[in-house]
There are 2 protein chains.
Amino acid sequence: MPAAPTIVRIGDVATEAGAVITDAAIAYSSWGRLHTAGDGSTNVILVEHALTGDSDARSWWGDEIIGPGKPLDTDRFCVICTNVLGGCAGSTGPSSPHPDGRAFGSRFPAISIRDQVQAEKQFLDVLGIKQVAAVMGGSMGGARTLEWTLLYPDSVGAALVMAVSARASAWQIGIQTAQIHAVTRDPDWLDGDYHGTGSFPRAGLSDARKIAHLTYRGELEMDERFGAKPQEGEHPLGPVRRDDQRFAVESYLDYQADKLVMRFDAGSYVTLTEALNRHDIGRGRGGLNKALGSSTVPTMVAGVDTDILYPYHQQEHLARNLGALIGMAKISSPCGHDAFLTETRQVSNILGRFLRESGLAQRPFATG
Amino acid sequence: MPAAPTIVRIGDVATEAGAVITDAAIAYSSWGRLHTAGDGSTNVILVEHALTGDSDARSWWGDEIIGPGKPLDTDRFCVICTNVLGGCAGSTGPSSPHPDGRAFGSRFPAISIRDQVQAEKQFLDVLGIKQVAAVMGGSMGGARTLEWTLLYPDSVGAALVMAVSARASAWQIGIQTAQIHAVTRDPDWLDGDYHGTGSFPRAGLSDARKIAHLTYRGELEMDERFGAKPQEGEHPLGPVRRDDQRFAVESYLDYQADKLVMRFDAGSYVTLTEALNRHDIGRGRGGLNKALGSSTVPTMVAGVDTDILYPYHQQEHLARNLGALIGMAKISSPCGHDAFLTETRQVSNILGRFLRESGLAQRPFATG
């Protein structure tokens, strides 16, 4: 297990909207040994993380998913996870040094999901990997996975797309933009150029994360845990409202937000959230259903029954229209969107099924 | 139809949490003539508005609901709608003058749904109305209606409770508190004492409303209307993200927020949202189900199939446990929570059924 990600320079990235990110880098972690066959095919499984994830997939998806003898069996597969372009865990993003030495900050352009995949393609090219056995991911990772199958179908053997839609829905754009505003309205945002100033839009990023978290979790599960209970030792029903007298769920959300603020750059949060706003696999391809129908990569779709951010009907839409669907799976969970991360047993079963139905389970990979 | 609400002084209101609002006022509008029988019963239907509503129920619920020959027939009933305590449309709230002449501002205490009902009881006492034929409302109006049936069962002939829960869920507290923070984090909030300073936390109230609106509307309906379309004349896919280059749904949400900011006080928004956080009919009554079971007022419950703010299972919970349930109705709509306001035909049918099943339709009221 890698202690720190490896950084690969991938050259300039030209964005879909016409900007250029000079001398970009992609950070990655990997588990298992790379095996390349004579025809250029490999045993690589490219794992795509969600909005605030990073390349350490074993940490955010769990040892039960990735490892020797696990569903993503590192005795057979070489699992590679990249940090997304625009992120803040090694890959180039707003907090990275610009060629002039200061941080990119507001000079980091708006990027799309396609730009992220473009950067990952350049990354695989540098590594000399011409085709991966599979790409997979959930949420923003699912969006990248879908774009991989349409931008570079010859480079992808199979795909597993989880808890995402074919494009951002109006509701998603609305709630995501609310998060962007929560950050950019913070006086410490400094128009995106707070890096190196000692300022950080902590309150804004915290509020954004709380809104996001409420879209990631199921209301039934949250209510069972917290209900309307007061936080221990606090009195939220006093004669005046006070921020320090909280309901238990407020304390929980504060904790979730504090954890993110400690580890994540606000500029990356805005950049990646904006990339989700721009997610639209139909753009320039004759619309959503034509784009989906043109897909030639064997693809499996999974979703969560209680997901309010990417409701299950959006995965049904994908499955109805994808050109090379190999199956569909529903995760049943009170946990909402995050179930693709938390329902380890169901996800393991889905991975097993995906590997069998894509034929990868039957391939004689061995890295040992 | 009243041009402006009538203001009634109701004396001091002592809150559940131990504060006192001195010399409070309640504003109300009414349609139809009051009829009081010898036993003190009346033909009054008390309509309770939602968070940002006011006493002009014909404006927010529509002429198709209230009027001569309409479901709430003003030839038979005297329909009274009060502006809620803590509001900003005539009743005492944070923007009202304190006895010292300046606005209450931060001196307005935290209030609960029960405090709001307490104030309405004092209001009816001043008017000499000992019993109303029915109380009804949706969302925060539904919460007040429920509390009426438990605080003053002898004063209420029947109740229609729509699109609400027995108490705030953890998710509701979370998303409501996110709205409170959006307002109170605005530098122009001035700790709640911006009234009379020329300051107004416009950006904060705007962001709060956008978050709220996304919980009020159905994602299917919003997506059908706006999808990922750009706002006409704007280019949200440019090389950098700009607040003035919007998706159509952003423009729609900006419009909704601008409308609210023009007409609503930010202090009232915080106060009423906090009252929703404190909504819990089980408090001090042995828990939710015991409280519901103790209800003796014939009550009908209605909900919306696509409501994510007050999911339909919450209305099923009410119906399962209410001591004197007279029926349950589901509004089928792509519009989410707001359907109790927008699905006029279904709401009219529900009102007709409520009046019949409560026996009010058969009573010989005539105000003519």
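Residue numbering restarts at 1 for every chain, and letters A, B, ... go by the order of the sequence lines. Computed from heavy atoms alone, side chains included, the values below leave out hydrogens, waters and symmetry copies.
No other option in G174(B), A110(B), P187(B) has as many heavy-atom pairs under 4.5 Å with chain A as A110(B). The choice from P311(A), A203(A), G18(A), G282(A) that makes the most heavy-atom pairs within less than 4.5 Å of chain B is A203(A). When each of A248(A), G192(A), P236(A), G218(A) is scored by its heavy-atom pairs under 4.5 Å with chain B, the top score falls to P236(A). Ranked by heavy-atom pairs under 4.5 Å with chain B, the first of A228(A), A178(A), P109(A) is A228(A). Ranked by heavy-atom pairs shorter than 4.5 Å toward chain B, the options G238(A), A182(A), G204(A) are led by G238(A). Per-residue heavy-atom pair counts under 4.5 Å with chain B were compared for L237(A), L253(A), V270(A), and the maximum is reached by L237(A).
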Any idea which donor-acceptor pairs are under 3.5 Å between chain A and chain B?
residue	atom	partner	partner atom	Å
A110(A)	N	P239(B)	O	2.9
R167(A)	NH1	D223(B)	OD1	3.0
R167(A)	NH2	D223(B)	OD2	3.2
A170(A)	N	D223(B)	OD1	2.8
W171(A)	NE1	L214(B)	O	2.6
A182(A)	O	R185(B)	NH2	2.9
R185(A)	NE	D207(B)	OD2	2.6
R185(A)	NH2	A182(B)	O	2.8
D207(A)	OD2	R185(B)	NE	2.7
L214(A)	O	W171(B)	NE1	2.6
E219(A)	OE2	H313(B)	NE2	2.7
D223(A)	OD1	R167(B)	NH1	3.0
D223(A)	OD1	A170(B)	N	2.8
D223(A)	OD2	R167(B)	NH2	3.2
P236(A)	O	R278(B)	NH2	3.1
L237(A)	O	R278(B)	NH1	3.3
G238(A)	O	R278(B)	NH1	2.8
G238(A)	O	R278(B)	NH2	3.0
P239(A)	O	A110(B)	N	2.9
R278(A)	NH1	L237(B)	O	3.3
R278(A)	NH1	G238(B)	O	2.7
R278(A)	NH2	P236(B)	O	3.1
R278(A)	NH2	G238(B)	O	3.0
H313(A)	NE2	E219(B)	OE2	2.6

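With a 4.5 Å cut-off on non-hydrogen atoms, I111(B) does not touch chain A at all. The contact between I308(A) and chain B is made entirely by side chain atoms (from C-beta outward), counting heavy-atom distances below 4.5 Å.
For the pair F226(B) and I173(A), the minimum side-chain heavy-atom distance is 4.5 Å or more. Counting heavy atoms from C-beta outward, V240(A) and F108(B) have side chains that stay 4.5 Å or more apart. In this structure, V20(B) and V13(B) have side chains that are not in contact, with every pair of non-hydrogen atoms separated by 4.5 Å or more.
Summarising the geometry, atom CG belonging to L51(B) is positioned 8.5 Å from atom CG belonging to L260(B); distances are rounded to the nearest 0.5 Å. In this structure, CD1 in I113(B) is found 10.5 Å from CG in L85(B), a value given to the nearest 0.5 Å.
The shortest non-hydrogen separation linking L214(A) to I175(B) is CD1-N, 3.4 Å. When all heavy atoms of M140(B) and L276(B) are compared, the pair lying nearest together is CG-CD2, 3.6 Å. In terms of heavy atoms, A266(A) sits closest to V183(A) at CB-CG1, 4.0 Å. When all heavy atoms of L150(B) and I281(B) are compared, the closest pair comes out as CD1-CD1, 3.7 Å.
With sequence neighbours excluded, the residues forming a side-chain contact (heavy atoms from CB on, under 4.5 Å) with P239(A) are A17(B), A19(B), listed by chain and number.
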